[in-house]
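Note that the structure is predicted; figures quoted are calculated from it, not measured. Quick note on labels: first sequence line is chain A, next is B, and so on, each numbered from 1.
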Protein chains: 4
Amino acid sequence: MSRKTELRRKQIIKAAYQAVSDKGYETVTLQDIANYADVSKGVPNYYFQNKEDVLAHLLEEITERIYQKEKAAVENETSFQEMLQAYINAVFVNPEDNEKFYKVYLDFLAQATRNERYRKINARFYQNCFSISQLIIMRGESEGLLHSMNYDDDGKAMRSLIDGYMIQWLMTGDHQKHRTYKESCLKAIQTYLTS
Amino acid sequence: MSRKTELRRKQIIKAAYQAVSDKGYETVTLQDIANYADVSKGVPNYYFQNKEDVLAHLLEEITERIYQKEKAAVENETSFQEMLQAYINAVFVNPEDNEKFYKVYLDFLAQATRNERYRKINARFYQNCFSISQLIIMRGESEGLLHSMNYDDDGKAMRSLIDGYMIQWLMTGDHQKHRTYKESCLKAIQTYLTS
Amino acid sequence: MSRKTELRRKQIIKAAYQAVSDKGYETVTLQDIANYADVSKGVPNYYFQNKEDVLAHLLEEITERIYQKEKAAVENETSFQEMLQAYINAVFVNPEDNEKFYKVYLDFLAQATRNERYRKINARFYQNCFSISQLIIMRGESEGLLHSMNYDDDGKAMRSLIDGYMIQWLMTGDHQKHRTYKESCLKAIQTYLTS
Amino acid sequence: MSRKTELRRKQIIKAAYQAVSDKGYETVTLQDIANYADVSKGVPNYYFQNKEDVLAHLLEEITERIYQKEKAAVENETSFQEMLQAYINAVFVNPEDNEKFYKVYLDFLAQATRNERYRKINARFYQNCFSISQLIIMRGESEGLLHSMNYDDDGKAMRSLIDGYMIQWLMTGDHQKHRTYKESCLKAIQTYLTS
DNA sequence: CATGAATGAGCTTTCATTCAT
DNA sequence: TATGAATGAAAGCTCATTCAT
């Protein structure tokens, strides 16, 4: 794939991200995506097989990017508490970005129940998230602050608390409450881990 | 509304439940719903204002029914442990029903980010779920097994763990794993509450 | 046809008149007509063959009634001037009634271009109108005020001036202008006849 | 708008003209229009906002074209009699064209009673027609053949006679009678003007 | 007689996709 | 490469008509 092609695809995926966030997975049209990307109607179909292909690449892109960011944030810290805080900071980054991401991510989760391709992409994302959790938990253990029975279970629990709190926050539709849900989520994870 | 009308509406909503579960919120057509209900194309439109109206009633119906079942299950028990177990039993009732419900529920959550009506229905559902959690927690407190700092926070955490585990299970696409996720979820809640 | 049937049909036609005036010939539904008549949806179909049959009877009814009224008004007078004035008074009776009638009548004229049945009903109406014109003109001749070359031509001209002015007035959408158009129409007819 | 787009729109409007004339304003479908234009179903919606938009452009187009033709015909003549005759020739051009135009025009008049947009287009058409009448009348005055009290009133009367005779002719459904109605109309206008 | 539930044809409109330019 | 005109499938919705009650 040429450099130019690469760029075009990125441009379209970025536009698709904004478009899906604004209009919703099923409601968004290729025309919308083209408009957001400031290209003509035919371009998305030229650089991707079809609409679903654009959206699958979007899901891959955003889950991978989120993972890289969170991983980097956590790896930058040394103590358990700092790592956990850094993780939560990276997850609950700010109301605007979180709303954008979780609107789209929820759309994809809903689709994934009936779409193998999306389910696979999400499975990889889950694995990546679990690996971050494990990093934090292992550090907590080495500091003697906690004792995990099962990294996998704890990863699932942490993922549940993060997704669950984020969805509940999203449903309030209130950006002001972002800080509160973030703090509650952190506290819940701490409570769970250091029991 | 006459008794017969009532029945017809129930029938259509039931058909819509199966149809949405099979095809997805946006993909399902009124024709699908009519087919599943074994009635003609015009009937859903006769008994409801439009497609969205059918689906909003579906969301109301399923969230209310789930709540009533879970509440009844919990109220039937006396000890904290039994109540919690009964709750989890009612939530993780069996792979088939859980898949059906959560496929549809996830669809609605995804829609709710852009639809006030759905968001309101979901807010009521959340409140109802929180009230069940509170019932269980208060019993745990009276038994001296735990000490809640904040019923609201604990309700959110329990909801997060339940939704989170259920979504993760759904994403495996594996009915066999239902039992494992159920047990993990129960353990996570216990860990969280009795810390 | 029984007395009751007769009444029901009148009731439906009256409702249809109002309904068509409000909604338009093609836009009006049998449900509308039933609503206006305060009967159930099935009634119009019970008393008439189908929708077109209702509307054809409506056209017959309103053209016949208008003719009878105008004829009576003219026959009540003795001089040419009084007869003409009475005719115009009966035609331009008031803004509300004229709007109602001409909205519906225009709808039927438009339909009549493609509907033999309506065209026939309108042909009878024209004949009736011409007979009124003839009555007036003959009186004018016997008073020595005018000299018709051809009753038929003059009838057509009078009909043209009445329909034309009425349509132009209707297009203004202004009830205030009713009086002006009425006077202009009268003057135009006088000018035409007494040339 | 590109030249090609312009042409396509003209093509669709022309097809719509024939289609409406054949089937009627409300009865005609976008499919009909597409068929008459020998394009696919989606094309009319591609070039116009919706069905009403197509039809409004049609009304604008045909009223403007008729006006331009009539104006040109009148301006080509020098004497009052010639101008009037040219006008009537341009109005009563031939049975086929007149039937086509007046079928459609009557449809629009009927719609206009409930549609502001159409009413405005027709109001402009009326103004244009009045301006032609004025041209003729002023010439008649300068030749000393007649004396108008009020250009506006005379314009309305001429319009009434033209529309009225045309409608009456249309209702006969008889192309043979076209010549007779044309002559009668001309005579009626002459009688009216030179009284 | 009267009701209104039910049917299904038929409409407008949207939009992914194709393809000539 | 890029465009956007064109296609036509498929959707939601309306409503005349039928008919069991």
Side-chain angles (χ1 to χ4, degrees), chain A residues 2 4-5 7-8 12 26-35 37-55, chain B residues 2 4-5 7-9 12 23 26-34 37-55, chain C residues 2 4-5 8 12 26-35 37-55, chain D residues 2 4-5 7-9 12 26-34 37-55:
Chain A
S2 79
K4 180 116 188 261
T5 296
L7 278 173
R8 266 282 192 254
I12 291 158
E26 290 277 11
T27 309
V28 84
T29 67
L30 284 175
Q31 180 73 73
D32 287 330
I33 294 172
N35 290 152
D38 240 333
V39 295
S40 75
K41 192 183 190 314
V43 171
N45 266 302
Y46 188 83
Y47 284 95
F48 295 91
Q49 290 191 311
N50 51 35
K51 189 182 173 184
E52 193 198 305
D53 194 38
V54 177
L55 296 172
Chain B
S2 80
K4 210 179 156 209
T5 296
L7 278 172
R8 261 283 190 256
R9 287 170 66 103
I12 292 158
K23 319 241 173 167
E26 291 274 12
T27 309
V28 83
T29 68
L30 285 171
Q31 180 73 72
D32 288 330
I33 295 173
D38 238 332
V39 294
S40 78
K41 191 180 181 322
V43 170
N45 268 305
Y46 186 81
Y47 284 95
F48 295 91
Q49 292 192 307
N50 49 39
K51 190 183 173 184
E52 192 195 310
D53 195 38
V54 178
L55 296 173
Chain C
S2 80
K4 180 117 187 262
T5 295
R8 266 283 193 250
I12 291 158
E26 290 277 10
T27 309
V28 83
T29 67
L30 283 174
Q31 180 73 73
D32 287 331
I33 294 171
N35 290 152
D38 241 333
V39 296
S40 75
K41 191 183 191 316
V43 171
N45 267 303
Y46 188 83
Y47 284 94
F48 295 90
Q49 290 191 311
N50 51 35
K51 191 182 173 184
E52 193 197 307
D53 194 37
V54 178
L55 296 172
Chain D
S2 79
K4 208 176 157 213
T5 295
L7 278 173
R8 262 282 190 256
R9 288 170 66 104
I12 291 158
E26 291 274 11
T27 309
V28 83
T29 68
L30 284 170
Q31 180 73 74
D32 288 331
I33 294 172
D38 237 333
V39 294
S40 77
K41 193 178 181 320
V43 170
N45 268 304
Y46 185 81
Y47 284 95
F48 295 90
Q49 292 194 308
N50 49 39
K51 188 182 173 183
E52 192 195 311
D53 195 38
V54 178
L55 297 174

Check: Rounded to the nearest Å, what distance is computed from the OH atom of residue C:Tyr47 to the P atom of nucleotide F:dT17?
Finding: 18 Å

Check: Starting at the 5' end of DNA chain E, which residue's closest nucleotide do you reach first, A:Val28 or B:Asp38?
Finding: B:Asp38

Next item on the list: In whole angstrom, give the distance that lies between atom CG of D:Leu30 and atom P of E:dG10.
Entry: 16 Å

Notebook entry, point to check: Now, which nucleotide makes the Watson-Crick or G-U wobble pair with E:dT3, with each of the two distances under 3.5 Å?
Noted result: F:dA20

Notebook entry, point to check: Counting side-chain heavy atoms from CB outward, which of F:dA11, E:dA6, E:dA2 is closest to C:Tyr46?
Noted result: E:dA2

Next item on the list: Send over the distance from A:Asp53 CG to E:dT17 P, rounded to a whole Å.
Entry: 10 Å

Note to self: Let's see if you can work this out: which of E:dT12, E:dA6, E:dA16 has an atom nearest to the side-chain heavy atoms of B:Ser40?
What the structure shows: E:dA6

Checklist line | Euclidean distance, D:Ile12 CD1 relative to D:Leu7 CG, rounded to 0.5 Å | finding: 11.0 Å

Margin query: Whether D:Asn45 contacts E:dT13 is assessed here as follows: a side-chain N or O lying under 4.0 Å from the phosphate OP1 or OP2. Is that the case?
Written below: yes

Note to self: Rounded to whole Å, how long is the line connecting atom CZ of B:Arg8 with atom P of F:dT21?
What the structure shows: 13 Å

Note to self: Quiz question: going by heavy-atom distance under 3.5 Å, is there a donor-acceptor pair between the base of E:dT14 and the side chain of D:Lys41?
What the structure shows: no

Check: Closest nucleotide of DNA chain E for B:Val39 versus for D:Glu26: which of these residues is on the 5' side?
Finding: B:Val39

Notebook entry, point to check: Can you tell me how far C1' of E:dT7 sits from CD1 of B:Ile12, to the nearest Å?
Noted result: 13 Å

Note to self: Just so I know, are the side chains of C:Lys51 and C:Ile33 near enough to count as touching, which here means a heavy-atom distance under 4.5 Å?
What the structure shows: no

Next item on the list: Measure from CZ on D:Phe48 to P on E:dT12 and round the result to the nearest Å.
Entry: 15 Å

Margin query: Please report the interatomic distance CG(A:Asn35) to OG1(A:Thr29), rounded to the nearest 0.5 Å.
Written below: 7.0 Å

Check: Between atom OH of C:Tyr47 and atom OG1 of C:Thr5, what is the distance when rounded to the nearest 0.5 Å?
Finding: 5.0 Å

Next item on the list: Side chain of B:Lys4 only, please: which of E:dA5, E:dA16, F:dA5 is the nearest?
Entry: E:dA5

Next item on the list: For the residue pair A:Lys41 and A:Leu30, establish whether any side-chain heavy-atom pair is separated by less than 4.5 Å.
Entry: no

Check: Taking CD from B:Gln31 and C1' from E:dA9, how many angstroms apart are they, rounded to a whole number?
Finding: 12 Å

Margin query: Can you tell me how far apart CZ (A:Phe48) and CZ (A:Arg8) are? Round to the nearest 0.5 Å.
Written below: 11.5 Å

Margin query: Looking only at the side chain of C:Val43 (C-beta and beyond, no hydrogens), which of the listed nucleotides F:dA5, E:dT3, E:dT12 gets closest?
Written below: E:dT3

Notebook entry, point to check: From the list F:dA6, E:dT12, F:dG12, which nucleotide is the closest neighbour of the side chain of D:Lys51?
Noted result: E:dT12

Item checked: Nearest-nucleotide pick for A:Thr5, side chain only, options being F:dT1, E:dT13, F:dG4 -> F:dT1

Check: More 5' along DNA chain F: B:Gln49 or D:Ser2, using each one's nearest nucleotide?
Finding: D:Ser2

Notebook entry, point to check: CD of A:Glu52 versus C1' of E:dT17: gap in Å, rounded?
Noted result: 15 Å

Next item on the list: Select from B:Asp32 and A:Gly42 the residue whose nearest nucleotide in DNA chain F is closer to the 5' end of that strand.
Entry: A:Gly42

